[in-house]
There are 2 protein chains.
Amino acid sequence: MESDLSAFPRPHVAVDIALLTVRPTQDRLELVTLVQDRTEEPLGHSIPGRFIRERHTVAQTVDELLQLEVGISLGRRRPHPLRVYDDPDRDTRAWGLSIATWLALPWRAVAHATGTWRPISPSGTPRGVKLLFDHDRILREAVSELRDRYETSPDPERLLPGLFTLLDLRHLHEAVLGERVRKDTFNRRMREQLEPTGHETTSLSPPGPPHSAHASRRGRPAQLYRHPRRTTSHDGDLWRLPREQ
Amino acid sequence: MESDLSAFPRPHVAVDIALLTVRPTQDRLELVTLVQDRTEEPLGHSIPGRFIRERHTVAQTVDELLQLEVGISLGRRRPHPLRVYDDPDRDTRAWGLSIATWLALPWRAVAHATGTWRPISPSGTPRGVKLLFDHDRILREAVSELRDRYETSPDPERLLPGLFTLLDLRHLHEAVLGERVRKDTFNRRMREQLEPTGHETTSLSPPGPPHSAHASRRGRPAQLYRHPRRTTSHDGDLWRLPREQ
DNA sequence: GAAATAGTGTCTATTAGACAATATCGT
DNA sequence: ACGATATTGTCTAATAGACACTATTTC
């Protein structure tokens with residue numbers, strides 16, 4: 001590193017965010033992403049993005065972006081880093097980098113966002129639109145990461161409210177993965193990563209904080225679970241090579 | 001995005017790289033990293049870094065960095081993205097971002113690099129020095145990623161030459177992981193991800209390209225293996241939830 | 001009672017991990 | 001022959017996946 005920093009050219013730096021959520025439909029849940037219509041050239045569809053402000057962090061930029069251009073609040077959550085897009089020709093106007101991020105939020109927190117929520121196809125891109133720049137690719141990678149995380153953890157993105165049943169959780173997984181999963185294996189794997197509350201679903205609200213509507217009001221009442229303590233690191237020792245004593 | 005891009009402030013963007021390799025010692029291999037002495041303020045030890053040039057990519061910048069300030073050649077390899085460090089106060093001279101990357105190269109390609117190769121402690125930081133900025137943390141994360149990759153794959157970073165034995169491979173793993181691993185389980189897991197060549201180690205060189213010195217010239221000759229075709233994606237279906245038909 | 005859902009039990013094939021035995025070399 | 005290493009075989013406990021059965025509610 002040299003001393004006179006002003007001698008170095010500096011790129012424009014944008015932050016793009018793939019925003020994902022799971023939305024209830026008539027009979028099920030579906031994974032959707034937020035697509036916006038650009039008002040500047042080049043016109044078309046894109047995911048939300050914004051140039052980073054002086055001495056702002058990526059997280060701050062995402063925060064501003066969500067507040068000003070999407071109309072939602074980030075809260076205490078942090079966006080997941082995805083990658084840096086550095087093709088010098090990716091923006092025809094000037095030399096710029098894009099820091100791609102992604103974030104999954106519960107539907108109730110983002111239902112009113114500015115833009116159009118579009119269902120995600122099995123391949124990970126939004127159905128029915130072609131996005132500008134490399135945004136289809138960003139979205140594919142974001143969806144891929146989200147799906148990977150849900151293969152092994154109950155609800156890493158905390159899309160469910162504080163109390164939920166295994167059926168709620170399975171519906172969530174099927175929406176994220178875009179496929180049906182086997183009930184018994186699913187339940188067994190997930191149960192050991194969850195904390196039972198001792199309470200069951202009833203017609204009345206259970207004691208404690210209110211929780212969202214559950215999948216069905218028919219059938220036998222189900223155990224209510226909550227998210228595990230963070231210490232239940234149910235990963236990491238998986239597929240490690242056995243060490244010599 | 002607005003039209004007049006010149007209105008936006010732009011950060012300095014540096015690329016830092018954690019360079020890792022496995023070096024032979026008298027009786028074993030050890031994981032080492034390259035530490036350099038800074039010639040500018042703040043003085044101290046750091047990993048190689050450089051500001052990105054106009055319309056250059058991260059990979060190009062790494063390439064220049066390695067050629068000009070380390071004296072080695074990147075070849076066709078690509079650095080692994082790590083994360084973006086965006087603390088506005090991380091550099092006292094000006095507002096800047098750091099794009100952290102890491103790369104592991106075979107010892108024979110980097111032995112003569114400019115700087116000091118320092119052994120990596122079990123925790124992932126170089127033994128005996130304290131690095132400037134957040135470089136200790138970058139290194140910890142790089143080593144963690146490297147170790148994760150070697151838990152499940154024979155040689156994802158291609159640190160071994162074209163032909164090698166399972167003993168060579170195990171020595172490599174033990175250097176990377178910093179722990180002994182069980183021979184039989186190791187061999188079984190790795191063998192199914194490798195291609196046997198049909199040739200064995202002998203006093204003479206085997207047919208084909210020359211390969212580096214093997215671990216030992218004692219004992220029964222061992223099968224020589226080569227890296228698998230990339231299609232042996234021996235991952236990805238691990239710990240997936242079973243789908244409903 | 002029928003339908004729907006929750007929860008439990010069990011069988012089997014597979015596999016990890018450990019241990020042991022055998023094979024083949026250099027010295 | 002001996003030491004060192006490679007390679008193969010086997011035993012056992014654990015577990016995934018599949019399937020079936022029972023339990024409890026709403027309608």
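Per chain, numbering begins at 1; letters A, B, ... match sequence-line order.
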Whole angstrom value for the distance that separates P of C/dG17 from CZ of B/Phe186
14 Å

Mind listing the N/O atom pairs, protein and nucleotides 6-8 of chain D, below 3.5 Å?
{"from": "D/dA6", "atom 1": "N3", "to": "B/Arg220", "atom 2": "NH1", "distance (Å)": "3.2"}
{"from": "D/dT7", "atom 1": "OP1", "to": "B/Gln223", "atom 2": "N", "distance (Å)": "2.8"}

The criterion is ring-ring contact (aromatic ring centres under 6.0 Å, His included); which residues satisfy it with B/Tyr225, sequence neighbours excluded?
none

Please enumerate all residues that pass side-chain hydrogen bond (donor to acceptor under 3.5 Å, both in side chains) together with B/Thr116, with sequence neighbours excluded.
none

Is there a side-chain contact between B/Arg182 and the phosphate of C/dG17, meaning an N or O under 4.0 Å from OP1 or OP2?
no

Which residues pass the side-chain hydrogen bond (donor to acceptor under 3.5 Å, both in side chains) test with A/Asp136, not counting sequence neighbours?
A/Lys130

Just how far, in rounded Å, is P of C/dG9 from CZ of A/Arg188?
12 Å

Output yes when A/Glu174 and A/Arg147 qualify as a salt bridge under the 4.0 Å nitrogen-oxygen rule, no when they do not.
no

Per the atom types in the model, does the base of D/dG17 pair as donor or acceptor with the side chain of A/Arg189 at under 3.5 Å?
no

Side-chain polar contacts of residues 78-86 of chain A - donor-acceptor pairs under 3.5 angstrom, sequence neighbours left out - could you list them?
{"from": "A/His80", "atom 1": "NE2", "to": "A/Glu157", "atom 2": "OE1", "distance (Å)": "2.9"}
{"from": "A/His80", "atom 1": "NE2", "to": "A/Glu157", "atom 2": "OE2", "distance (Å)": "3.2"}
{"from": "A/Arg83", "atom 1": "NE", "to": "A/Glu141", "atom 2": "OE1", "distance (Å)": "3.1"}
{"from": "A/Asp86", "atom 1": "OD2", "to": "B/Val58", "atom 2": "N", "distance (Å)": "2.8"}

Rounded to whole angstroms, how far apart are CE on A/Met190 and P on D/dA16?
12 Å

Partners passing side-chain contact (heavy atoms from CB on, under 4.5 Å) against B/Ser144 (at least two apart in sequence or in another chain)
B/Asp148

To the nearest angstrom, how far is A/Asp27 atom CG from C/dA4 atom P?
14 Å

